[in-house]
Each structure stands twice: as structure tokens, then as C-alpha cells.
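So that the names make sense, note that chain A is the first sequence line, chain B the second, and so on, each numbered from 1.
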Amino acid sequence: MKVGVVVFPGSNCDRDMYHVLTDVFNFDAQYCWHEKALPKNIDAVILPGGFSYGDRLRAGVIAAHSPIIKDVKKMAKKGIPILGVCNGFQILVESGLLPGILLKNESLNFMCEWTNLIVENNKTPFTNQFKLHEKIPIPIANGEGRYYVDDDTLKQLKKKNQIVFRYSQVINGSSHRIAGVCNQEGNVVGMMPHPERAVESEINPMDNKPSSLIFESLLAKIGVGN
Amino acid sequence: MSLESQELAELKSKIGRDPTFTELQIVAAEWSEHCSYKSSKKHLKMLPMKGPLVIHETGYDSGVLDVGDGYVVTAHIESHNHPSAVEPYGGAATGVGGVIRDILSTGTRPIAIFNGLRFGDIEKDQQARWLFKNAVTGIADYGNCLGIPTIGGEVEFDECYQNYALVDVAAIGFGKKENLIKNHAKKDDLVILLGGSTGRDGIGGSQFASDSLESEDRSAVQIPDPFIEKLIIEAILEARNEKLIHAMKDLGGGGLSCAISETADALEIGIEMDVEKVHTRESDMRPDEIMVSESQERMLIITSKAKLKKLQEICKKFRIACSVIGHVTSDNQMHVKKGKKTFANLPTNVVANATLLDLPSKKPLYLETIEEEKKFKAISNYSKTMMKLLASPNIASKIWVYRQYDHEVGIRTVIKPGGDASVLRLDNGKFLSAKIDGNPKQCYINPREGAIGCFEEACRNVVCTGAKPIGMLDHLQFGNPKDPEIFWTFLESLKGLTDFVKYFNIPCVGGKVSLYNETPAGSIKPTPVIGVLGLIDKNPLIPQKITDGDCLVIIGNTKNEMGGSEYFEYINKFIGGKCPSVNFTESKKNMKTVLEIIKNQFLKSAHDCSKGGLAVAVSELCMTNQIGCKISLEKVPGEKLDVDRILFSESHSRYLLVLEKKNLKKLEDMLKKSKVSFKLIGQFRGDKIQFNKGTKSIVDLRVDKAQKTWLNSLKDLILHG
Amino acid sequence: MATFNVHVTIENKPGISDPEGETILNDLVLKGTHKTVSKIKTAKMLKFTIKEKDKKTVQSKVQEICDELRIYNPMVSKVTIDVFDS
Amino acid sequence: MATFNVHVTIENKPGISDPEGETILNDLVLKGTHKTVSKIKTAKMLKFTIKEKDKKTVQSKVQEICDELRIYNPMVSKVTIDVFDS
Ligand SMILES: Nc1ncnc2c1ncn2[C@@H]1O[C@H](COP(=O)(O)OP(=O)(O)O)[C@@H](O)[C@H]1O
Ligand SMILES: [Mg+2]
């Protein structure tokens, strides 16, 4: 089963994501350059973190106009699982695939630290192996990671079960402590924290099992191999 | 820019005619201290640079170490002091960019950044605070955008840096040995400039770095563009994989002048180039301006005609400009034209090799009396003194800094910043540990012992993770070398480092000299900064949580060496006293022993004693583990000393080992066998940091209170003044 | 065709917090000696140089660019476009 | 005393590059359908609300604040201060 890792100019977690997909979870992963079309037979798409276009103007906004986004939108419509991590989340939001916006952290600084997520929706292709409200130790690393939605949209998100992850405590001023959301259909998920940095015990100072479930959920959804 | 009169005379006699204006500018850039090392080069030769793991290649700016299984690690250190002192954000950021390109030019992928930051007294001085804050943001914005983790460093404040800044940046690269660029070129190969456009920014930068900071030269301000640097990295690594690069050099100080002349000289070729082919930012630039511009984010590549098209395609993919600016000739001349007209035509060996100086040196007068101590007021409440130290900017946790740096991108960071050295995993299953350290307070009191101390401290930090030191980087930062007293301190430091390198067989794999670091109030203190790389074959010592009943053992002797200590300088406001000195035999024995013990995998953690002495080192263990401890000061091995000295002496070669009680016997047996000086000095339990002497309580501090102060004081100082 | 300078100012919509402005006000300005400042808001400006036949065209073109390319995010920001003769 | 609005515009000095503006121009605007834009420069704006006796005092006070508190670095940026009645 093929997973596409989209690479924009300035993506910098693409190689990390690729390593985790292939070496840790045995997916058949493939880099997809932003100017090319997505392969037709792709089973899932991941937009990794980084600084596409140097985060200029606003994180994610320039990449959201990349040619490949048209294909990503088509795939989204078809119900194919799509995950945006960090800058990938910012791009999904700026391209209108997910609601809300990511603003500068309240501290005004880049924040690289470990935190805990709480799973709020375990029905998505990336969370189906979690128990509801399960805790995930995971690192964040972002400067524009404060998720914002207005009150009406927040109500909608709650109603439609679109909040996927929340921080266990206030860290950057996000609306409702939101760390990740999905579209109404649930197949497009965006999250600020970096699961690819947390699945290997060697570099995870807490517990790598919960983060692994994000990838195992995808495995459960699309299967491995041919 | 200009040459001194005897240099001009020399140039004339070497080329047998008057130089043109453009030639003068080219030579002035290349013969600047920054590019030519004219004051230091003669002496730098004393530092041994060979070793079983060191790989030497023509034309490299970085050191290369063989880490086995076909892999290499590259490393380099640089500073960007002058630019950072006037524009801390851009100066620090472009400093990162520069050292990264040094790593890249060997053909390895940069995998880690270190930064050493020094400013004036941020408690009093708003300017210092501004410099510090913006330098940190500059490094963060640049490194984070590149996706190269900044995994460690150090921060220090001292009045000698008032209105000034030392921003040191080191970088590490990793790659396959077979992918190293073997610099070579032959006649008619193409010379290509790749990356950002050439502009007027940064004109005169290297000269600027070689002058004292009076003439705030505006043109030396450089605007960082990490995005283009990131694209350059990816493009170059792709070109490397396709074997499209015959020779490569990054553009740094001195711009094209240096890159062209040094490359040609190293490869024993000539280069003919046309400034009209250089992609410029402004349309009306003169040939000399193009030649000496220090615009950032540019690389020089030599390749064959046949490979050009492929290289251009890669550049196009990554949307970076790539201009063929000239070609290789066989006449060993650097020939600069504009269209058909010649503006400079010089022998490359003349340009690239300034006449080296042999500057006079003389022991500074102040050193005669510096070791004399003053009588201090007795401390009535040590707990209070401890709190004050934990809050002091030099000792307080640097989490406010390293939290702003993405230190995990690349998913190699096994031990993250916050402890001693940081550790990266490598693709061959081994681990690389690294740390940089400096100590100008000690180097001021004794430039030789001080420099050795920095070296040993960096080794200790690396050893605490279980790594054997395999290479060092030195960065020698001093004031005006023409002052014989300053030059003497430079030589002393260098000699000290050389001794250490020889005794410990840790080769110097790279370095940098930065002179003319002068503030309006005079020269900075001698500030060598030493980086040490260590290799771990199997298991790094990842600190485990300390729990109730765990034992604390100290290795090494505590001596009456208080000179340059935070206790003297911060608490007692006194500069002087005896500088801690490293006993080489003891140091080697302790290092070896600690490494052996770590291999046996029963330690919970190891931590070195440095700034703030035993008291601070123990507190750090308590605070990061949120557990109390009870220490008996009378058990601490070493000279018989007053309690303040036992607590705060910064003697070297000391390690704190934490282990479960059940392993104590095993440890003691090993330590006895290796004949190191050691003692069980206490146990962890409860929620207080307690130092006792006999039955008398000396320090009694709540861990949570101490931790809060230690973690937050730097941030509070920056944010709220 | 004439050349025009356009200032595009992007700022938060009312009601959206501006931590940066607040920080500059509270941690810098009010800590100093200048107590007469009561508010600071940050904004981002893009200065365009554009060739079009007249001001009106410029205004509508630039508005189009801002909307289409999401130069500002309408959820939190608003944009003001001022056109000047060059 | 009256209340004034002040726009403080901070931008890179002429001749100093502006990578952000270039990226917005080349990778966003010119990739779209709008080819008449020839340049984009970014700037930062701070909008002050301040109470002083007259425009002139406002002008000099705000200049003082910007210099003293290093709101901008004169090495790289220049600052323009426009005062408006509130
Ligand atoms: N400027 C910095 N950038 C990144 N990490 C830093 C910086 N300063 C300090 N650190 C980290 O904080 C920890 C403590 O630093 P330091 O006090 O210099 O350690 P030591 O005393 O062991 O040399 C180390 O892990 C170090 O890498
Ligand atoms: Mg240490």
C-alpha cells in the first residue's frame, strides 16, 4: 500500500517521516515533489513538517498554492486518508481542507518541547487504534502553532466531532487547547505535534507506544504490502 | 578596504607592477586577518591535527572523522562576532548559515548545530539583553528553518563583553565516506556560482571582522535567508549523489575573492572569470564590489562541461540561481574580467598566501598579582547564597534558549539539551556526543590553565554520556593581536591546548581564530571555546530518573581553586584567585574510569562538576529529577577546605555518579581498582537539597523552590528586565 | 500604463488578540518612561509596485490578488489597500 | 491632551535585501495570473494609540520610544512615523 510524502521547497521533516513509514512500519512510502501530480494509485498522503517557502507571509500559505494541492484535494474528496503534521497541518488549513488557522504562539517564540495529547476522536484513519481520551506523550516544535477558530466554528467542530487531539494543558493559547482537527468526513487530519519524532523508543524519553498507534491506525485502515 | 603600506609594497614586488584598483580590493579582502590568519597561522601549526580517525582532503574547511562502517562525521566552528554586535539577529543567523556551508562543502549533510553565546551583564545592561534575545532568535529562525537541530551550546555573561557579542556556532555533518567531495579540477572545467544573488550587503565584512568595532560599518550587515540555504543544501546533496561536483567551496568572508583564490591555490589551477556572469541583486555593481561582496548563501562549484546541464536542472528544481562565471585554466592565475576587459590578473598563490607575521608577545602585567585573594565577608546563610547562584544568569537553566531551537528535527537526538553533552544516533548504530565549552573568567586569570580547563570540561561533558573523545575543535577569540600582552595570552592558550591534545591524543580537527575582539572599554577576556566530539560504540548513558535511596558518588579531588568561579565573581564580585588547573594524569585516569564504568551499564546517570562547583552540580541533579538529597561535605575528597570552598570550588576532573544502592559495592570495587580518588558523599531522598558538615546543616533548600528559580530566572530577566 | 505603489496592510480583525502588540506595550513601552501610550497593535505591510492603467484598476487588481492568493486570512485578519502614484 | 493614532512602519533600508518580499512575489504572486506586479517589499507596522498635547510632541515621543527601546535596528531598518488625529 502506497503512502505519499509530499515535499515542498523547505519541507524538512520529510525524511524523518519517510524513515518512520518505511523502516519502522514497513509502509511502501514515496516522496512526492510538490510540482508533480500525485501518483494515481496512492492509498494515503502525508504532508510533513518543515518551513515550506521559509514560512513567508504565513506558515503554509504559499505551499497551499502548489500544483500538488489540487491532487490532494481530489484525494481528500475520494476519502483517502490524508495527514498533515506541523507545517503540513498549516498547509491543509491554508488550502481550505481543514478549518481554522494557526497563529503565532502566545509566547511569541518557537517552542520545542514534550507535551501530552488527549485523543478526542478515535474514528479517523489515524486514530482508530486509540481508546477515547488516551494520552499521547509527544513533542511539539513550532512557532506558529496556536490553533484558532471563532466560537461558531468551534461549536461546529464539537458537534461534528472534528476535534481529534487536545493538549492536556494550556501550552500555546490554542482555542479550546486544540492540537489537531479533521474534516467533517474524518479522512483529512491535521496535527501540530510530531508523531514521527515519538515512535522510536531510542529518541522518546517517555513512552513511544501511544504515538505508534497513529501509524498503526493507518495500517489498520489501509493494510500493508500488496 | 585597504592594505597597509608594507603590504602594498610587498604585493607590488611580488607581481612586479602596480596593482589595479580591483586587484587591491581582492588582495585586501584575502589578506585580512579573518581570511589569511596572518597573525596566528605560524603558531597554529603547533596543534596536532592528525589521528587514526582523521581524514585529510584538499581544500576542506571542516574536519573529517572516520566513524566506521563507511561513514564519516564532519565538524567545524565559526564565529560571527562583529556582525552580531551590531545586528544580533542577522549576525547570529548568518553565522549559522556560514558554518553549515562549510559542512556542506565536504559533501556531507549537516545534522547538528551548536551555539556559544557571550554578552555583557544582562542584569544591568539593557543593550546586552537586547543583543542576547535577538541573537537567540536569529539562531532559532535560521536553524529551525533549515531543519537542522540545534542540540547544544552554552551561554555566558561577563562585563568584558559590554556592548559586544561573541556568537560562536559549530556544526556537525554526517555522510558516507564514498560521498566525500574529493576536490579536483582540470583545464576547461566550469566554475559555477550557485545560490543567492550577489549584492552590496556585506561588502567589507572580513575587513570589518578584522577591525575593532569603532567604525560601525553599515555595509557589513547581512540579511539571512535560511530558505534559500535550505534549498542549496538539498540541491547540492542531490548534485553530490549524481556525482556532478568536482570541487566545491562555500563563500564566506572575503566573498568571491577568497573562494576563487583559495580554491585555485589549493587545486593548483588558474581560474578565469567574468563578473558580468555573476547574478547580482543590484545592476550597477563594480567588479571589485562583486569580488568582495559577502552576500550570504552562495556556493562555488567546479564541474565539467558535460555535467552542466544536469546541475542546472537540479538548481531549477530547487528554484535557485546558478551561473557559470568562469572556467579553469592551467596558468595558476586568478583572472577577473568584465566582458572582454581585464580587471585583475594575479598569481593565485600570491593572493591566497599573505605574508605571515610573527608578532611580539609579552606576559601581561596584571597576571603578576591576579592570584592574590581578598578577604571576603563570611556567608551567614548558605541556602540564600545557593538561591542567588541558581538564579544567576550564568548558572540558571538555559531552557529559555534551547526551547526555541528545534533540537529534535532529523530524529537523531537521543540525549537532548539540558544535561551535559547531547547525543545523536548515527546510521551505523553508533552514537555521537558533542559539547562546546568556554570559560573566559578562568582564561583571564590564567590563559593557559583556563584553556586547558575548557578542553577538559568539554571532554567531561562528553564522557558523562559514555563517549570517548575523538576530536576537538578550537575557536580562539582574543583582542587586538598587535598588543603584545594580548598576543601572549593567545599563545599561552594555544600552548595549553596543544599540550592537552598531545597528552590525550585527541586531535584538533578544525578551528577558527577571531582577533580584534575589542569593545569600547577595551579588549575582551581571552575566550577560547572548545568543542569536543565523542563516539559511543553501543550504549549511551541516557540519564534515568533518580529515585529514593539512590547513591551519589564523586570522583576527583576538590581543591582550593576559586579563581574565576561564580562564587568569587558573582557572589563576591571579585576577579582573581587561583585558576583551577588540570592534572593530566589524574584527568586521564578519571576519564578512563568513568567510561569503563558507564560501559558496565549500572549507572543511573553521570554529571560533571563545573560552573558553581559541587553545590550547583548536585542541585542540578536534584532539580531535574525533582528529588532531594543529603550530602556530607566532610566526605568530599581533596584538600581540607572551608565549606564555601568545598561547595563552590570549580576544580576540574570531577564527576558525579548516581546509582542504585545495590550497585554500590560493584562501583567501589571498580573505582578502587583503578585507583581514582572517590567517595560516597550522599543519598537522594525527600524534597530538600541538604549539605551538611558533620552534624551541622550548611544548606537546606526545598527542591521545588530551587527548581522554579533556576528554570525561570533567565526568562524572567529577558522578558521583564 | 503607469506605475503605482500600493500599501497592503494586514491586521487583526477587531476581537482577535494581538499578543505581540501587547508584549511590546507592557514589557517594553510601559516599563520605560513613556506612559502616555495606551495601545499598540501590530500589522504587516506589503508594498507592491504594479503597472496598470489607473488607480481604480490597481485597487481592484490588488484586492483580487489578496483574496485569491490569501495574502490575508479572512478568519482573523482584514486588509487595507492604499494606492499611491509612483 | 488629545489622543492620536500613530503608524510606525519599519522596513529594510534601501539596498538591503528583503527575502520575504521576494518569495511572496516570485513564488506566490507571479505564479498566479497577475503579472503586472514588479516588486513586493515587506514592512512591519505598529499602530500606537497615544495621548499627548500635539502632533509634534507625538512625533518626537514615538521616535524616542522606537530608538530607546530598539523597536527597530537602525543598522538594517528605517522607520517612518505617521501621526493621525484619532
Ligand atoms: N545556547 C545554547 N543552545 C543550546 N543549548 C544550550 C545552550 N546553552 C546551554 N545549553 C544546554 O544546556 C545544558 C547546560 O549547559 P552548560 O551549563 O553549558 O553545561 P555544562 O556546564 O555541562 O557545560 C547543556 O545541555 C547545553 O547544551
Ligand atoms: Mg556539564
Side-chain angles (χ1 to χ4, degrees), chain A residues 7-20 23-24 31 33-36 48-57 59 62-63 85-87 105 107-115 138-144 171 193-206 208, chain B residues 109 111 133 136-137 139-151 224-231 233-235 237 316-320 399-418 423-425 427 429 431 539-540 542-545 715 718-719:
Chain A
V7 186
F8 300 94
S11 292
N12 65 32
C13 302
D14 45 335
R15 298 166 62 253
D16 301 354
M17 186 60 84
Y18 183 89
H19 161 76
V20 162
D23 299 338
V24 182
Y31 292 115
W33 184 241
H34 75 117
E35 283 176 319
K36 300 226 168 101
F51 282 71
S52 57
Y53 294 96
D55 265 8
R56 278 156 195 176
L57 188 56
I62 300 182
V85 171
C86 201
N87 190 233
N105 293 334
S107 67
L108 304 176
N109 287 331
F110 192 92
M111 294 166 75
C112 177
E113 61 190 44
W114 283 71
T115 180
I138 199 165
I140 55 162
N142 59 61
E144 297 176 28
I171 59 162
H194 285 274
E196 80 279 11
R197 299 183 184 183
V199 296
E200 292 170 282
S201 59
E202 202 165 53
I203 51 170
N204 183 323
M206 331 276 246
N208 67 315
Chain B
R109 179 181 280 279
I111 59 163
K133 187 175 158 179
V136 169
T137 317
I139 290 168
D141 283 359
Y142 208 96
N144 294 349
C145 183
L146 293 184
I148 301 168
T150 302
I151 60 167
D225 188 347
F227 175 48
I228 200 165
E229 177 114 340
K230 167 70 177 165
L231 298 175
I233 294 174
E234 297 309 327
L237 292 176
K316 192 163 165 237
K317 170 179 170 192
F318 289 102
R319 55 175 288 303
I320 49 178
I399 187 166
W400 180 81
V401 177
Y402 61 72
R403 196 179 81 152
Q404 294 185 54
Y405 301 153
D406 189 341
H407 47 257
E408 307 210 65
V409 59
I411 48 175
R412 290 186 184 278
T413 321
V414 173
I415 298 185
K416 309 175 201 288
V423 174
L424 298 170
R425 53 177 180 171
D427 300 9
F431 299 84
N539 299 300
I542 301 175
Q544 292 165 45
K545 184 127 184 99
K715 178 175 98 191
I718 300 304
L719 297 187

Which pair of non-hydrogen atoms, one from [X] and one from [Y], has the smallest distance, and what is that distance?
X        : Y        : result
A:Asn109 : B:Gln404 : OD1-OE1, 3.6 Å
A:Trp114 : B:Lys416 : NE1-CE, 4.0 Å
B:Cys145 : A:Gly54  : SG-CA, 4.0 Å
A:Pro139 : B:Glu408 : CB-OE2, 3.4 Å
A:Glu202 : B:Phe431 : OE2-CZ, 3.4 Å
A:Pro9   : B:Leu231 : CB-CD2, 3.7 Å

If you measure from the Lys or Arg side-chain nitrogens to the Asp or Glu carboxylate oxygens, is any gap between A:Glu200 and B:Arg425 under 4.0 Å?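 Yes, charged N to carboxylate O under 4.0 Å.
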With a 4.5 angstrom heavy-atom cut-off, which part of [X] approaches chain B: side chain, backbone, both or neither?
X        : value
A:Ser107 : side chain
A:Arg15  : side chain
A:His19  : side chain

More than 12 foreign heavy atoms under 6.0 Å from NZ of B:Lys317: is that the case here?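 Enclosed: over 12 neighbouring heavy atoms sit under 6.0 Å from NZ of B:Lys317.
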Would you say NZ of B:Lys545 has more than 12 non-hydrogen atoms from neighbouring residues, nucleotides or ligands within 6.0 angstrom?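 Check passes, neighbour count above 12.
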Contact part of B:Tyr142 toward chain A, heavy-atom cut-off under 4.5 Å: side chain, backbone, both or neither?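 Contact with chain A is absent: no heavy atom of B:Tyr142 under 4.5 Å.
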For chain A, the option from [options] that forms the most heavy-atom pairs under 4.5 Å:
options                      : answer
B:Ile542, B:Thr137, B:Asp225 : B:Asp225
B:Val423, B:Thr413, B:Leu719 : B:Thr413
B:Val136, B:Ile233, B:Asn144 : B:Asn144

Is it the case that the ring center of A:Phe51 lies less than 6.0 angstrom away from the ring center of B:Phe227?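 No, the ring of B:Phe227 stays outside the 6.0 Å limit from the ring of A:Phe51, centre to centre.
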With side chain to side chain contact (heavy atoms under 4.5 Å, CB included) as the test, pick out the partner of B:Ile411 among A:Asn204, A:Val199, A:Asp16.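 With B:Ile411 as partner, A:Asn204, A:Val199, A:Asp16 yield a single side chain to side chain contact (heavy atoms under 4.5 Å, CB included), made by A:Asp16.
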May I ask you to test the B:Asp406-A:Arg197 pair for a side-chain heavy-atom distance under 4.5 Å?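 The answer is yes; the side chains approach within 4.5 Å.
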